[in-house]
Protein chains: 2
Amino acid sequence: MPDIPETPNRTIADVREAQDLLFFGYRDFTGAADVILTELGLGRAHHRALHFIGRTPGLPVSELLAVLRITKQSLARVLSELVARDYVAQVQGHTDRRQRLLRLTANGLALERRLFVRQRDRLANAYAQAGPVAVDGFRAVMRAIMDDSARDYIDGAARQDER
Amino acid sequence: MPDIPETPNRTIADVREAQDLLFFGYRDFTGAADVILTELGLGRAHHRALHFIGRTPGLPVSELLAVLRITKQSLARVLSELVARDYVAQVQGHTDRRQRLLRLTANGLALERRLFVRQRDRLANAYAQAGPVAVDGFRAVMRAIMDDSARDYIDGAARQDER
DNA sequence: GGATATATGACAGGGATGTTGACGTAGAAG
DNA sequence: CTTCTACGTCAACATCCCTGTCATATATCC
């Protein structure tokens, strides 16, 4: 069947390559912050929590759970540690007082900043090397790979950044 | 300092967005195969091993360790299980008989194929939606994010694909 | 050929991160 | 007032990773 326009072989190689790209890219990008995390006795789970709390200050626990897609218990361990170490503050919700709205403390902001800088350096290099057109393509592909709900979340967070 | 060409605010938003893109994209792409893995009682570690063995048949254990960047012991557990279940075969090296060269069995090929298809469907959609220019950009950015050694590995694997 | 290095396997023990399930409390909502 | 929701917590366990150590077979160097 040589008359099929989209050859299976090409697709196969594309997918294999994409698996590699995502594996190595994700590994090395997230790994950039590991030095600091290890030094502080924290893990990537802590970093993820810090990131999303820093990104959306005042978000309730339930929303963080939905974003991370882990169970309440998994988050509780990480979160209680971050609160105990004064990286994260919980304040009671105003409209719904059952909620604990999460935000970074000054301490947490400083740590998140340190972690951020490591990843920024790697990313800034990559973006500069690849060029703005490639960056747009990168965005488009990553957005198309993820679930709709994740895309919506990113768009919501971007709107908040503009304020 | 409004005369700085590259404004920090733009960079910050870019990096935050990239963190999100990589987190959600990686999560949902790898998650695509989870249904099958869970059903078989396997984990993502098994999938990663299957992927790289399938990609480079006949690779020695040491090379797989270098690619995955985990310890021998972590791999041993995964690998011995894959061998026990007849997904992976080990054959003694020809030039160096200390080596155990790894390759997928027929069984392993079939499983890897099943896992592959899940990710292929998601990726094919994403690539089609984003367009070929975006895909090139995606490649360029991901390659620039990762370590040199990872880039080299991918290029080596691509050369093998052409055979 | 003997010393040394390498590739792999295996065991002990531990830590981070995730899971399910059950229970309790405060507050919202009907 | 009853029911639902948001959250915290505890027990028990699975997965995947780690360090450190020892053993074995084979290569390689002198």
Side-chain angles (χ1 to χ4, degrees), chain A residues 23 26-27 30-31 33-53 58-85 88-103, chain B residues 23 26-27 30-31 33-53 58-85 88-103:
Chain A
F23 174 72
Y26 186 79
R27 183 193 68 180
T30 56
D34 280 355
V35 191
I36 299 169
L37 291 170
T38 305
E39 164 192 313
L40 293 174
L42 298 174
R44 289 188 185 171
H46 300 91
H47 187 187
R48 286 194 289 273
L50 285 173
H51 166 70
F52 285 112
I53 295 171
L59 88 168
V61 174
S62 57
E63 194 174 317
L64 184 54
L65 282 173
V67 168
L68 293 173
R69 285 217 200 140
I70 57 176
T71 57
K72 201 169 45 162
Q73 293 71 13
S74 295
L75 179 59
R77 207 171 12 222
V78 167
L79 212 49
S80 61
E81 207 171 335
L82 290 175
V83 170
R85 294 209 201 178
V88 169
Q90 296 170 312
V91 295
Q92 201 172 40
H94 17 276
T95 61
D96 186 336
R97 283 182 303 174
R98 290 172 304 179
Q99 295 181 331
R100 309 295 150 86
L101 306 182
L102 305 169
R103 54 183 65 252
Chain B
F23 173 72
Y26 186 77
R27 183 194 67 180
T30 56
D34 280 356
V35 190
I36 298 169
L37 291 170
T38 304
E39 163 194 314
L40 293 173
L42 298 172
R44 289 189 184 169
H46 299 92
H47 187 187
R48 286 194 290 271
L50 285 174
H51 166 71
F52 286 112
I53 295 171
L59 87 168
V61 174
S62 57
E63 194 175 317
L64 184 54
L65 282 173
V67 168
L68 294 173
R69 285 216 198 139
I70 58 176
T71 57
K72 199 169 45 161
Q73 292 69 14
S74 295
L75 179 59
R77 202 175 11 229
V78 168
L79 211 49
S80 61
E81 207 170 336
L82 291 175
V83 170
R85 294 211 203 178
V88 169
Q90 297 170 310
V91 295
Q92 201 172 41
H94 18 277
T95 61
D96 186 337
R97 283 182 304 173
R98 290 171 305 180
Q99 295 179 330
R100 307 297 149 86
L101 306 183
L102 305 170
R103 54 182 67 253

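Convention: sequence-line order gives letters A, B, ...; per-chain numbering from 1.
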- Message: With a 4.5 Å cut-off on side-chain heavy atoms, are A:Thr30 and A:Leu37 touching?
- Response: no

- Take atom CG of A:Leu82 and atom C1' of C:dT17, then tell me their distance rounded to the nearest Å. 14 Å

- Can you tell me which residue pairs pass the salt bridge (charged side-chain N to carboxylate O under 4.0 Å, His left out) test with a partner in residues 73-82 of chain A, sequence neighbours excluded? A:Glu81-A:Arg85

- Query: Of the residues in residues 42-51 of chain B, which ones touch DNA chain C at a heavy-atom distance under 4.0 Å?
  - Reply: none

- Note on the structure: Heavy-atom nearest nucleotide on DNA chain C taken for A:Arg69 and for A:Arg97; more 5' hit belongs to A:Arg69

- Message: Is there a side-chain contact between A:His94 and A:Leu101 in this structure, where contact means two heavy atoms from C-beta onward sitting under 4.5 Å apart?
- Response: yes

- Message: If I take atom NZ from residue B:Lys72 and atom CG from residue B:Leu75, how far apart are they, to the nearest 0.5 angstrom?
- Response: 10.5 Å

Ignoring hydrogens and angles, write down the donor-acceptor pairs under 3.5 Å from the side chains of residues 59-69 of chain A, residues two or more places apart or on other chains.
unit_1  : atom_1 : unit_2   : atom_2 : d
A:Arg69 : NH1    : A:Asp147 : OD2    : 3.3
A:Arg69 : NH2    : A:Asp147 : OD2    : 2.8

- Query: Reading DNA chain D 5' to 3', which nucleotide is the first, and which the last, to come under 4.0 Å of any heavy atom in chain B?
  - Reply: D:dC16 to D:dA27

- Message: Once you apply a heavy-atom cut-off of 4.0 Å, does A:Thr38 come out as touching a base, just sugar-phosphate, or nothing?
- Response: nothing

- Query: What heavy-atom pair brings A:Ala49 and A:Leu82 nearest, and what distance separates the two atoms?
  - Reply: CB-CD1, 3.9 Å

- Option from A:Glu39, A:His46, A:Arg44 for which side-chain contact (heavy atoms from CB on, under 4.5 Å) with A:Leu42 holds: A:His46

- Reading nucleotides 4-12 of chain C from 5' to 3' and marking B where a protein heavy atom lies under 4.0 Å of the base, S where only the sugar-phosphate is that close, and - otherwise, the string is -BBSBBBB-

- If you fit an axis to the five pairs at each end of the helix from C:dG1-D:dC30 to C:dG30-D:dC1, how big is the angle between those two axes, to 10 degrees? 30°

- Only one of B:Gln99, B:Arg98, B:Gln92 clears side-chain hydrogen bond (donor to acceptor under 3.5 Å, both in side chains) with B:Asp96; which? B:Arg98

- In terms of heavy-atom contacts, B:Arg103 and B:Gly58 come closest through NH2-CA, 3.6 Å

- Item | Euclidean distance, atom NE2 of residue A:His94 to atom C1' of C:dG27 [Å, nearest integer] | 15 Å

- Side-chain contact, heavy-atom cut-off 4.5 Å: A:Ile70 with A:Val78? no

